[in-house]
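A quick write-up on the structure given underneath.
Below, all heavy atoms of this structure are taken into account, side chains as well, without hydrogens, waters or symmetry copies. Keep in mind the model is a prediction, meaning the values are calculated, not measured.
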Amino acid sequence: MYTRILLPVLFRFNAESVHYFAMSVLQFAHRIPGVPGLLRWLYTYKHPSLERTVFGLHFPNPVGLAAGFDKNGEWIAELSSLGFGFIEIGTVTPRPQPGNDKPRLFRLKADGGLINRMGFNNKGSGPAAGRLGHYRDNAGTSRILIGGNIGKNKITANESAIDDYLLCFRDLFNDVDYFVVNVSSPNTPGLRDLQEKGPLTAILGRLQGENMLKNKPKPILLKIAPDLTDSQLDDIIEIVQETGIAGVIATNTTISREGLATPEATVTAMGAGGVSGRPVRVRSTEVIRYLHTKSNGSFPIIGVGGIQTAADAQEKLDAGASLVQVYTGFIYEGPALASKICKGLVK
């Protein structure tokens with residue numbers, strides 16, 4: 001019903017407005033007695049073979065929701081009823097920022113993809129921590145595993161970027177289960193320069209140093225771009241091993257426009273931004289396979305990019321991913337996607 005009836009209607013309207021409208025409807029429905037339980041019954045699929053223990057955390061299934069969908073941690077309760085094994089909020093920055101000018105989210109319907117240049121629009125790490133605290137019990141345990149994807153503010157110079165990452169880390173430490181350092185978004189000017197070996201080693205080293213002073217350190221992962229060269233990926237492997245962080249998320253959106261079925265003039269009119277969804281599927285898998293092979297599987301990888309079916313998820317897992325995440329596929333396939341993927345993986 002979703003793809004045949006609802007999606008054509010929703011796609012008639014502005015992509016960003018529809019996102020907030022859909023979540024408002026889900027929030028409203030969630031307040032109706034019995035609806036949360038009904039949603040969990042409809043969309044949660046459990047099977048022992050789906051369970052994973054990765055970087056010390058137990059996941060009920062390997063299908064997570066990627067960062068970008070719930071930037072501020074406002075819809076954890078609603079989204080957790082849709083069968084995800086974990087949810088990643090963000091990207092969160094220390095100070096609130098509006099992001100880039102609208103419109104900034106565009107559909108590539110012929111490609112099953114999106115172009116976005118959101119620009120880390122969020123309400124700040126402090127307010128996010130306040131909201132996430134509601135999902136913890138007295139022992140600090142959350143009802144669903146939550147990741148915190150952190151970045152720097154646009155106005156912060158790269159030389160001071162570590163200060164922003166540390167502020168986010170400190171604000172969110174008690175309220176997330178793992179961290180993701182985002183230096184790979186193409187929508188904050190100069191951010192991808194931080195993927196170079198020197199600055200990246202410094203940032204991850206400082207974060208991991210502070211992390212290891214904690215009574216119970218949290219896993220720290222690095223999210224990388226699909227546009228890195230093999231030599232840059234070799235550097236990533238060295239950095240992960242040198243700094244001792246927990247793993248890598250591969251990959252973020254791509255700046256490439258190669259192979260799109262959408263007419264070039266249409267894509268050009270959409271302007272700058274990162275491409276997600278099916279157009280990045282193959283490259284994302286290539287990056288996962290390269291990292292896993294060259295590192296001899298020495299660290300976990302979360303695979304993301306173009307996952308719309310169980311076969312897509314299995315492709316990532318076969319390439320060396322321990323877990324997967326969806327975002328664009330969730331928009332195109334609807335609320336049953338996590339359940340469908342889990343059922344397909346079991347089969």
Requested in this report: Would you confirm whether the ring centroid of Phe69 sits within less than 6.0 angstrom of the ring centroid of Phe84?
Outcome: no

Query raised in the report: When you measure from the side chain of Thr293 to the backbone N and O of Tyr290, does any donor-acceptor pair fall under 3.5 Å?
Result: no

Query raised in the report: Is the shortest heavy-atom distance from the side chain of Ile249 to the side chain of Ile301 under 4.5 Å?
Result: no

**Report entry** Note, Val324 side chain near Ile302 side chain (heavy atom, < 4.5 Å)
**Finding:** no

Query raised in the report: Do the side chain of Asn187 and the main chain of Phe120 share a donor and acceptor less than 3.5 angstrom apart?
Result: no

**Report entry** Lys71 side chain reached by Thr91 side chain, heavy atoms, under 4.5 Å
**Finding:** no

Query - Stepwise salt bridge (charged side-chain N to carboxylate O under 4.0 Å, His left out) test for Asp101 and Arg117 - result: CA-CA 9 Å; Asp101 293 338; Arg117 53 172 175 273; over 6 Å; no

Query raised in the report: Between Cys168 and Gly151, what is the shortest heavy-atom contact and its length?
Result: SG-O, 3.9 Å

Requested in this report: Would you please say whether a donor-acceptor pair under 3.5 Å links the side chains of Ser231 and Asp234?
Outcome: no

Requested in this report: Work out which heavy atom in Pro279 is nearest to a heavy atom in Gly112; give both atom names and the distance.
Outcome: CD-O, 4.2 Å

Report task. Give the minimum heavy-atom separation between Ile87 and Ser80, together with the two atoms involved. Result -> CD1-N, 3.7 Å

Report summary line: Rounding to 0.5 Å, atoms CG (Asn72) and CG (Asp70) come to a distance of 7.0 Å

Report task. Give the intermediate values and the outcome of side-chain contact (heavy atoms from CB on, under 4.5 Å) for residues Val248 and Ile236. Result -> CA-CA 9 Å; Val248 168; Ile236 294 296; 4.2 Å; yes

Query raised in the report: Checking Arg206 against Tyr165: charged group under 6.0 Å from the ring centre and within 45 degrees of the axis?
Result: no

Requested in this report: Let me see the working for Val287 and Leu228 under side-chain contact (heavy atoms from CB on, under 4.5 Å), right down to the final yes or no.
Outcome: CA-CA 9 Å; Val287 170; Leu228 298 178; over 6 Å; no

Query - Nearest-0.5 Å distance, CG of residue Asp177 to NE2 of residue His58 - result: 12.5 Å

Query raised in the report: From Ser276 OG over to Ile307 CD1, what is the distance, rounded to the nearest 0.5 angstrom?
Result: 12.0 Å

Query raised in the report: Within a strict 4.5 Å, meaning less than it, do heavy atoms of the Leu114 and Leu108 side chains meet?
Result: no

Query raised in the report: So, Asn211 versus Gln208: side-chain donor-acceptor pair below 3.5 Å or not?
Result: yes

Report task. Specify whether Phe59 and Phe55 have parallel, tilted or perpendicular ring planes, treating 30° as the upper limit for parallel and 60° as the lower limit for perpendicular. Result -> perpendicular

Requested in this report: Enter the distance from Asn153:CG to Arg95:CZ here, rounded to the nearest 0.5 Å.
Outcome: 4.0 Å

**Report entry** Test salt bridge (charged side-chain N to carboxylate O under 4.0 Å, His left out) applied to Lys46 and Glu51, step by step
**Finding:** CA-CA 9 Å; Lys46 296 181 179 181; Glu51 297 180 22; over 6 Å; no

Report summary line: dist Asn100:CG -> Arg104:CZ (nearest 0.5 Å) comes out at 7.0 Å

Query raised in the report: Are any non-hydrogen side-chain atoms of Arg281 and Lys316 less than 4.5 angstrom apart?
Result: yes

**Report entry** Lys123 and Glu74, any side-chain heavy atoms less than 4.5 Å apart
**Finding:** yes

Query raised in the report: Are a donor atom and an acceptor atom from the side chains of Glu88 and Gln325 found within less than 3.5 Å of each other?
Result: yes

**Report entry** Criterion side-chain contact (heavy atoms from CB on, under 4.5 Å) on Thr93 and Lys152, from CA distance to verdict
**Finding:** CA-CA 5 Å; Thr93 56; Lys152 79 173 189 71; 5.9 Å; no

Query raised in the report: Counting N and O atoms only, with roles assigned by atom type, does the side chain of Asp111 sit under 3.5 Å from a partner on the main chain of Thr262, one being a donor and the other an acceptor?
Result: yes

Query - Min side-chain heavy-atom separation His134-Ile76 under 4.5 Å - result: no

**Report entry** All pairs passing side chain to side chain donor-acceptor pair (under 3.5 Å) where residues 1-12 contributes a residue, at least two apart
**Finding:** none

Query raised in the report: Taking all atoms of both residues into account, what is the closest heavy-atom pair of Pro186 and Ile255, and its distance?
Result: CB-CG2, 3.5 Å

Report task. Provide the closest heavy-atom pair for Ile89 versus Gly73 in the form atom of the first, atom of the second, distance. Result -> CG2-CA, 3.7 Å

Requested in this report: Could you label the plane-to-plane angle of the Phe179 and Phe173 rings as parallel, tilted or perpendicular, counting under 30° as parallel and over 60° as perpendicular?
Outcome: parallel

Requested in this report: Flag the pair Asp163 / Thr156 as yes when at least one side-chain heavy-atom distance between them is below 4.5 Å, and no otherwise.
Outcome: no

Query raised in the report: When you look at Ile146 and Leu132, which way does the side-chain contact (heavy atoms from CB on, under 4.5 Å) test go after all the steps?
Result: CA-CA 9 Å; Ile146 300 172; Leu132 294 178; 4.1 Å; yes

Query raised in the report: Under a 4.0 Å N-O cut-off, is there an ion pair linking Arg278 with Asp312?
Result: no

Report task. Calculate, to the nearest 0.5 Å, the distance between atoms CG and NZ belonging to Asn252 and Lys223 respectively. Result -> 4.5 Å

Query raised in the report: Going by an N to O cut-off under 4.0 Å, is there a salt bridge joining Glu286 and Arg283?
Result: yes

Query raised in the report: What are the two closest non-hydrogen atoms of Arg192 and Ser184, and how far apart are they?
Result: NE-O, 2.8 Å

